[in-house]
Peer 1: 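Below are the structure tokens for one structure; questions will follow.
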Protein chains: 2
Amino acid sequence: MEKKPENCRVDNALEIIVGKWKPIILLHLLQEGTKRHGELKKNLPDITQKMLTKQLRELEKEDIIERKVYSQIPPKVEYSITDYGRSLEPILDAMHHWGTNHSLRKSQKEAIQNDKIS
Amino acid sequence: MEKKPENCRVDNALEIIVGKWKPIILLHLLQEGTKRHGELKKNLPDITQKMLTKQLRELEKEDIIERKVYSQIPPKVEYSITDYGRSLEPILDAMHHWGTNHSLRKSQKEAIQNDKIS
DNA sequence: CGGTATCCGGCCTGATACTG
DNA sequence: CAGTATCAGGCCGGATACCG
């Protein structure tokens with residue numbers, strides 16, 4: 001696919017990544033391996049169970065993560081990155097680096113603003 | 001900034017890029033240089049004037065694009081990528097490539113599904 | 001423990017009309 | 001030509017309660 005605007009496929013990637021909690025969920029699974037539902041919940045203190053489940057389901061539907069259910073009482077469900085999901089890592093890395101620099105830049109700008117005021 | 005989930009800065013980058021028309025606007029400006037408001041509108045047939053203006057303003061606020069107004073009748077406004085905006089190009093490229101592959105993968109899967117049905 | 005169901009407020013986006 | 005104003009609908013995400 002040529003890299004012309006008319007052939008834009010950026011949105012295809014964004015659809016997968018966008019979601020209030022998806023990036024951080026992916027980082028957890030990428031960097032810490034398989035996780036149970038409850039472990040993720042513990043690491044993401046502000047997320048509701050409903051949202052956690054929803055975001056995980058959406059990622060699962062796209063083969064980005066795998067969901068493994070153990071039929072036992074109490075239930076146990078494990079989530080892990082698929083090989084395909086791992087292919088997102090370069091993009092997430094690039095955004096993390098850019099985003100880090102961006103927040104730095106922003107705070108520097110604000111500092112200048114404050115100087116002008118005072 | 002370490003690349004731990006707790007330090008996640010991916011969202012900082014996503015905030016800038018996300019918006020129904022931002023990626024394609026950026027691609028146009030990146031690959032075709034300075035454009036007038038009307039030219040962008042012509043290349044994005046489905047966007048409304050209101051949305052085009054809004055997305056451009058948001059990108060301008062983050063220093064991703066520059067807005068140059070010519071005080072004349074009729075008005076003329078030109079938009080172009082800033083150097084800072086150009087730093088997003090690797091991310092957009094990565095997403096474009098991933099997205100291209102993703103849509104390919106998807107259509108292959110659907111083809112398999114159709115075989116099963118018929 | 002992990003997951004559903006329901007309700008609800010806010011934001012994003014679109015349609016349309018108007019302005020300098 | 002480029003932009004603003006207003007109204008309205010739809011989806012996202014949060015709070016809460018309940019289920020196997």
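Below, chains carry the letters A, B, ... as their sequence lines are ordered, and counting in each starts from 1. Every value quoted in this text rests on a predicted model; they were computed, and no experiment measured them.
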Peer 1: Nearest-Å distance, CG (A:Asp46) to C1' (D:dG13)?
Peer 2: 13 Å

Peer 1: Examine C:dC12: is either OP1 or OP2 under 4.0 Å from a nitrogen or oxygen in the side chain of B:Trp21? Give yes or no.
Peer 2: no

Peer 1: When you check the gap from the basic side-chain N to the acidic O, do B:Lys22 and B:Glu58 get nearer than 4.0 Å?
Peer 2: yes

Peer 1: C:dG3 P sits how many Å from A:Lys41 NZ, rounded?
Peer 2: 13 Å

Peer 1: Think A:Arg36 has a side-chain N or O under 4.0 angstrom from the OP1 or OP2 of C:dC1?
Peer 2: no

Peer 1: Please confirm whether the shortest side-chain N or O distance from B:Lys20 to OP1 or OP2 of C:dG14 is below 4.0 Å.
Peer 2: yes

Peer 1: Grab the CG-P distance between A:Leu40 and C:dG3 for me, whole Å please.
Peer 2: 10 Å

Peer 1: Which part of the nucleic acid, if any, lies within contact of B:Tyr79, taking any heavy atom under 4.0 Å across all strands shown: a base, the sugar-phosphate backbone alone, or nothing?
Peer 2: sugar-phosphate

Peer 1: Please state how far atom CE in A:Met51 lies from atom C1' in D:dC11, giving the value in whole angstrom units.
Peer 2: 12 Å

Peer 1: On the 0 to 90° scale, with breaks at 30° and 60°, tag the B:Tyr84-A:His102 ring pair as parallel, tilted or perpendicular.
Peer 2: parallel

Peer 1: What is the distance, rounded to the nearest whole Å, between atom CD of A:Glu15 and atom P of D:dC12?
Peer 2: 11 Å

Peer 1: Would you say C:dT13 has OP1 or OP2 under 4.0 Å from some side-chain N or O of B:Gln55?
Peer 2: yes

Peer 1: What is the distance, rounded to the nearest whole Å, between atom CG of B:Leu44 and atom C1' of D:dA2?
Peer 2: 16 Å

Peer 1: Ignoring hydrogens and angles, are the base of C:dG3 and the side chain of A:Lys50 linked by a donor-acceptor pair under 3.5 Å?
Peer 2: no

Peer 1: Apply salt bridge (Lys or Arg N to Asp or Glu O under 4.0 Å) to residues A:Lys20 and B:Asp11 and explain how you reach the verdict.
Peer 2: CA-CA 8 Å; A:Lys20 189 164 179 186; B:Asp11 292 348; over 6 Å; no

Peer 1: Rounding to an integer number of Å, can you tell me how far A:Lys54 NZ sits from C:dT6 C1'?
Peer 2: 15 Å

Peer 1: Given C:dT4, C:dG20, D:dG20, identify the nucleotide with an atom nearest to the side chain of A:Thr53.
Peer 2: C:dT4

Peer 1: Quick check on D:dA2: is either OP1 or OP2 less than 4.0 Å from any side-chain nitrogen or oxygen of B:Arg57?
Peer 2: no

Peer 1: Would B:Lys35 pass as a cation-pi partner of B:Tyr79, given that its NZ or CZ must be under 6.0 Å from the six-membered ring centre and within 45 degrees of the axis?
Peer 2: no

Peer 1: Any idea which of D:dG3, D:dA2, C:dC1 is nearest the B:Arg67 side chain?
Peer 2: D:dG3

Peer 1: Return the value, rounded to whole Å, for the distance between atom CD of A:Gln49 and atom P of D:dC18.
Peer 2: 15 Å

Peer 1: With the side chain counted from C-beta on, respond yes when A:Leu56 and A:Glu60 share a heavy-atom pair under 4.5 Å apart, and no when they do not.
Peer 2: no

